[in-house]
Structures are given as structure tokens and as C-alpha cells.
Number of protein chains: 2
Amino acid sequence: MTGQVRTVDGRVAGRRGQETRQKLLDCLREMLSTSPYRDVKVIDVARMAGTSPATFYQYFPDVEGAVLEIAEEMAEDSGGLKELVDGKSWAGKTGFTTSEELVDGFLAFWRKNDAILRVVTLGAAEGDKRFFKIRMKVLNSVAGPLTEAVKANQAKTDKSVDPAAVSGSLVSLLASAAEHSKAFTSWGVKVKDLKPNLALQVYLGVTGKKPPK
Amino acid sequence: MTGQVRTVDGRVAGRRGQETRQKLLDCLREMLSTSPYRDVKVIDVARMAGTSPATFYQYFPDVEGAVLEIAEEMAEDSGGLKELVDGKSWAGKTGFTTSEELVDGFLAFWRKNDAILRVVTLGAAEGDKRFFKIRMKVLNSVAGPLTEAVKANQAKTDKSVDPAAVSGSLVSLLASAAEHSKAFTSWGVKVKDLKPNLALQVYLGVTGKKPPK
DNA sequence: AACTTGTCCTGTCATGCCGTCAGCTTACCG
DNA sequence: CGGTAAGCTGACGGCATGACAGGACAAGTT
């Protein structure tokens, strides 16, 4: 699917080359999760990978370019989030379990890709189309199926609210909560209580009803 | 209230000095809204302010330090958001108007401080306590009074949900929507429709009821 | 084993930003 | 008018960036 891996100057990378390239990406990932984005320097990444800055520039145009690479990889990975909603039931107690599992899975994914998602979020907010697209791909893997679920459950009641808006709000909320869970802690909401609360919101949003006890 | 403005090396700044300082801050603000945060350089800010880099370092330890200054100024300003909730009624049609005005005011504030809030959000997500504190101050100016509102309106019905969690979720949602309104557009939610939808969510969250038509 | 070929890495260099300092200019005051 | 403190900048060592050419290396060929 992806074409051959190429260096900046157009050569095709061989086995050894791909290894160093990957090592650089791994080190950059590590770097991103330990230093502020603004302070991540090419020379540090190169040093950590046991190579020279020049090598880095052979494979990536700059730090941002390499970050995009990592982000795209992660976006591919986010496809798995679809299964948290697709074909799930929203009726009664089962429905609330669906909601709980969705919240759980989403938060886990975000936590796992914490550092890179921070940068993607920043880039998207700054208006960079490439980062925006990647962010949408991640969010859509949940928002897409979720919109369908809202539509299906809403037909029975009223049509006053836009399913896309509801689903979008819920996903935004989840993303925000994942990125800033500390904020909730400072509001006196314990990490333990955060998940049930979010699950409740999601259930309410999708079904329009209060959950069964 | 704030002590005398001082230079990095401890001198007190006079009238002229404060002017340059302010000009530097203004230029930095401008810079932040036109360039990616990662690419904002001291030398560019200085050039734009018609001064030299050395002058910048006389008043701020580094770019981050100056950004914090701007952010704190904005946080002070956010106190006005309290009035969007404090002493407002949540009953009936008036309640929905309250909700609409809150959404409107919050989005306006965020849009106005767009660029600086992006950086604050990033800093908070990266675990920087100074940025986190500032972000909480802004969010709390709404979340605080809102929690009270939720408490007051919930006493009449059930106590199953934590008011702080509800209010926190709503504020998080608003912040997320403000920062990434483009995402909603790409979900097919027009900017015009976004506000009413958010207002609906807020009203629902606070009162637990559907709004009167 | 010597040779060939194409991939891979790095030494080096020019450029530009960072952050600091000494020292010059300006403003204020007695 | 001289003293004092504020205000600004030129200049400098240090480091990151980004480009290039040439050497190291692996793998196959003779």
C-alpha cells in the first residue's frame, strides 16, 4: 500500500536504511513524551539514536516532517476504535456497557499515543491541514459509527437535534477529557469517577434516556 | 497590586522601558497568531518591535516566559466570564437564553484569545504547572459558578451525578469546540448550527430537562 | 580474494538564531 | 552641569540547521 520508503534526495532506502529511519522515529517519539515539543531538537534525536544530525536530514525534511510520519502511523492504528461502536447494542444495560467500553477504549488509545496526539492537536488548532486531517481521521473512527448510532436511536423519539452535532460533541468531550484528565482531578473528580461520568454522558447523548440502574 | 515591573537583571522599569516591554508583548501576541508556536523566534519578535534581541532578553528570560506574561494577562481578563453564569436563572425559556449567552460569551472569549490559548493548552497538556494553573483559572471562571448552578437545579431531581463532573464536562466541551470548531464544520455542522447545539447540551446538562420550545 | 555497484553514514562547512556582556546613549534630578 | 540610573545595542562564543561530497559498508560477480 505505502510506496517504497525514500530518502529526501530520492534514493530508495534498503534494509539497513529503514532500520535507522525507524530508530530515529522511535527516538523522536520517546523525545516527544519527555520534552516540550518546542524544545525537541534534531541533534538530540540523532544523538539518542546513536547517529548524526546529517543522517536525520537524509530521511526527514525536519522535525515536523518526522512527526507527521509518526502521526500517520498512529492514525492507521486508530481504525481499531471503530469496533468499539460498530454493531454494538445501545439497549438497556447492554447499552451502558457499550458506552463504558467505548470510553475505556478511547481513553486507553489516547493515553497510549499521548505525546504525538498533543502535537497533532496543536498543529490542527494552528490550521495546518495535514495535522487537521490526521486528527479528523482519529476522531472520525469513533464519530462516524457513533453518528449512525445516534441516528438509529433517535428516530424513535425526536428529531430536534443534529446527530452529527451530538456525536461530534461527545467525541470532542472524550478527546478533551483524555488530554486534560488532570483538569477533572483538580475539579475534585477522581480518575476513578471520571470514566463512569463520561460513560453516562455518552449514553445520555446517544439514547436520550437515563441509564437503567 | 502587581509589584513594580522589573527587568531580568533586577532594575525597575520606567515609563519608556514599560512601553518597549509592552510593544514586545504585543508583537509576540501577533506573531503567535500568524506562525506556528514552534517557529516563533526571539529575533523575529524583536525585529517586528523595531528593537534588538538583546532588548527582549532584558525583559523576559525566553519566549516561554513572555508567553506566560501574556497568558496571565488573559487569565485576569477571563474573570469577566463569571458574569455569564453568576446570578442567572435556569428556569424555562429564560434558562435557555442563559445557556445561549454563556455559549456565545465563552466562544467569543476563546476566539479573541485564540493564539495564546493554544499555547496555554499545549503547555498544560505537556504537564507544565504554570500553564496548567492559567488554564484552570480560565476554565474555572465558568466551571465554578456552573457547578453551583448544576447543584441548585439538581437537588430537585436526583443526586446520581457529580455536579463538578457535569460542569467540568460542559466546560471541556466548550473549550474543545472553541479550539476546534473546524472539526464540527467537517462533520457537516455549520458554524451557525454549532452554537444552538452547544447551548442545548449546556441546558440539558444543567437542568436535566429538555428545553421549552 | 579482488572488484564492482549501489546503499548508507558522517565530517565539514556556511548560515542563522540563542543568550550574554560591556559599554554607549538617554532621561531625570539636584 | 555633573551624577546616577534606565534603556538600548554591537559583538561574540556556542549551538542547531541544512547541504554536500566522499568514505564505509554489504552483497553479489568474476
Side-chain angles (χ1 to χ4, degrees), chain A residues 2-32 34-70 119 123 128, chain B residues 2-28 30-32 34-70 119 123:
Chain A
T2 50
Q4 280 176 312
V5 178
R6 287 184 176 274
T7 59
V8 167
D9 54 332
R11 270 182 315 188
V12 283
R15 182 190 58 83
R16 201 149 94 97
Q18 296 208 18
E19 269 174 26
T20 20
R21 205 183 110 104
Q22 193 55 50
K23 187 185 255 181
L24 283 167
L25 286 177
D26 292 344
C27 290
L28 173 55
R29 206 190 216 112
E30 163 91 26
M31 213 84 209
L32 283 174
T34 54
S35 314
Y37 180 45
R38 199 165 196 283
D39 298 341
V40 171
K41 307 287 178 197
V42 168
I43 199 169
D44 295 323
V45 177
R47 254 200 286 265
M48 185 185 284
T51 177
S52 83
T55 303
F56 182 95
Y57 287 108
Q58 192 154 41
Y59 295 107
F60 312 104
D62 49 25
V63 171
E64 201 183 77
V67 166
L68 270 168
E69 200 80 13
I70 299 178
V119 180
D128 188 307
Chain B
T2 48
Q4 279 177 314
V5 179
R6 287 185 175 273
T7 58
V8 168
D9 54 333
R11 275 179 311 188
V12 281
R15 183 191 57 83
R16 199 160 158 233
Q18 296 206 18
E19 269 175 27
T20 353
R21 205 184 111 103
Q22 193 55 49
K23 187 185 255 181
L24 283 167
L25 285 177
D26 292 343
C27 290
L28 174 56
E30 163 92 25
M31 212 84 209
L32 283 175
T34 54
S35 312
Y37 180 46
R38 200 168 197 282
D39 298 340
V40 171
K41 309 285 178 196
V42 169
I43 200 171
D44 296 322
V45 178
R47 255 200 285 265
M48 184 183 284
T51 178
S52 82
T55 302
F56 181 95
Y57 286 107
Q58 191 153 41
Y59 295 107
F60 312 103
D62 48 25
V63 171
E64 203 182 73
V67 165
L68 271 168
E69 201 80 14
I70 299 179
V119 180

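The sequence lines fix the lettering, A, B, ..., with proteins before strands; numbering per chain opens at 1. Please read all numbers here as calculations on a predicted model, not as lab measurements.
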I want to verify a distance call: between D:dA6, D:dG7, C:dT10, whose nearest atom is closest to the B:Val12 side chain?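 Looking only at heavy atoms from C-beta outward on B:Val12, the closest nucleotide is D:dA6.
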
Name the closest nucleotide to the A:Gln58 side chain, picking from D:dT9, C:dC9, D:dG7.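 The listed nucleotide nearest to A:Gln58's side chain is C:dC9.
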
Whole angstroms only, please: what is the [atom1]-[atom2] distance between [X] and [N]?
{"X": "B:Glu19", "N": "C:dA27", "atom1": "CD", "atom2": "C1'", "result": "13 Å"}
{"X": "A:Phe56", "N": "D:dA19", "atom1": "CZ", "atom2": "P", "result": "13 Å"}
{"X": "A:Gln18", "N": "C:dT7", "atom1": "CD", "atom2": "C1'", "result": "12 Å"}
{"X": "A:Leu24", "N": "C:dT10", "atom1": "CG", "atom2": "P", "result": "10 Å"}
{"X": "A:Asp39", "N": "D:dA16", "atom1": "CG", "atom2": "P", "result": "12 Å"}
{"X": "B:Asp9", "N": "D:dC8", "atom1": "CG", "atom2": "C1'", "result": "12 Å"}

Please enumerate all residues that pass salt bridge (charged side-chain N to carboxylate O under 4.0 Å, His left out) together with B:Arg16, with sequence neighbours excluded.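 Listed in chain order: nothing, the list is empty.
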
Counterpart residues, salt bridge (charged side-chain N to carboxylate O under 4.0 Å, His left out), relative to A:Asp62 (two or more places apart):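 Partners of A:Asp62 under the salt bridge (charged side-chain N to carboxylate O under 4.0 Å, His left out) test: none.
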
Contact class for A:Phe60 vs. all strands (heavy atom < 4.0 Å): base, sugar-phosphate, or nothing?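 Since no nucleic acid heavy atom lies under 4.0 Å of A:Phe60, the category is nothing.
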
Going 5' to 3' along nucleotides 14-23 of chain C, which nucleotides have protein heavy atoms under 4.0 Å from the base (write B), which only from the sugar-phosphate (write S), and which from neither (write -)? ---SSBBB--

Does [X] put a side-chain nitrogen or oxygen below 4.0 Å from OP1 or OP2 of [N]?
{"X": "B:Thr7", "N": "D:dG7", "answer": "no"}
{"X": "B:Ser52", "N": "D:dG10", "answer": "no"}
{"X": "A:Thr20", "N": "C:dC9", "answer": "yes"}
{"X": "B:Thr55", "N": "D:dT9", "answer": "yes"}

For residues 38-59 of chain B, pull every pair meeting ring-ring contact (aromatic ring centres under 6.0 Å, His included), keeping only residues two or more places apart or in separate chains.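 Counting only pairs at least two positions apart or across chains, the ring-ring contact (aromatic ring centres under 6.0 Å, His included) contacts touching residues 38-59 of chain B are B:Phe56-B:Phe60.
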
Mind checking what makes side chain to side chain donor-acceptor pair (under 3.5 Å) contact with A:Glu69, not counting sequence neighbours?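 Once residues adjacent in sequence are excluded, the partners of A:Glu69 under the side chain to side chain donor-acceptor pair (under 3.5 Å) criterion are A:Arg21.
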
Identify, with sequence neighbours excluded, every residue that meets side chain to side chain donor-acceptor pair (under 3.5 Å) alongside B:Thr20.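 Partners of B:Thr20 under the side chain to side chain donor-acceptor pair (under 3.5 Å) test: none.
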
Using the rule side chain to side chain contact (heavy atoms under 4.5 Å, CB included), only one of A:Val67, A:Val45, A:Val63 pairs with A:Leu32; which is it?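 Of the listed options, the one satisfying the test is A:Val67.
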
Identify which one of B:Asp26, B:Leu28, B:Val119 satisfies the side chain to side chain contact (heavy atoms under 4.5 Å, CB included) criterion when paired with B:Ile70.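 Running side chain to side chain contact (heavy atoms under 4.5 Å, CB included) over B:Asp26, B:Leu28, B:Val119 with B:Ile70 returns exactly one hit, B:Leu28.
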
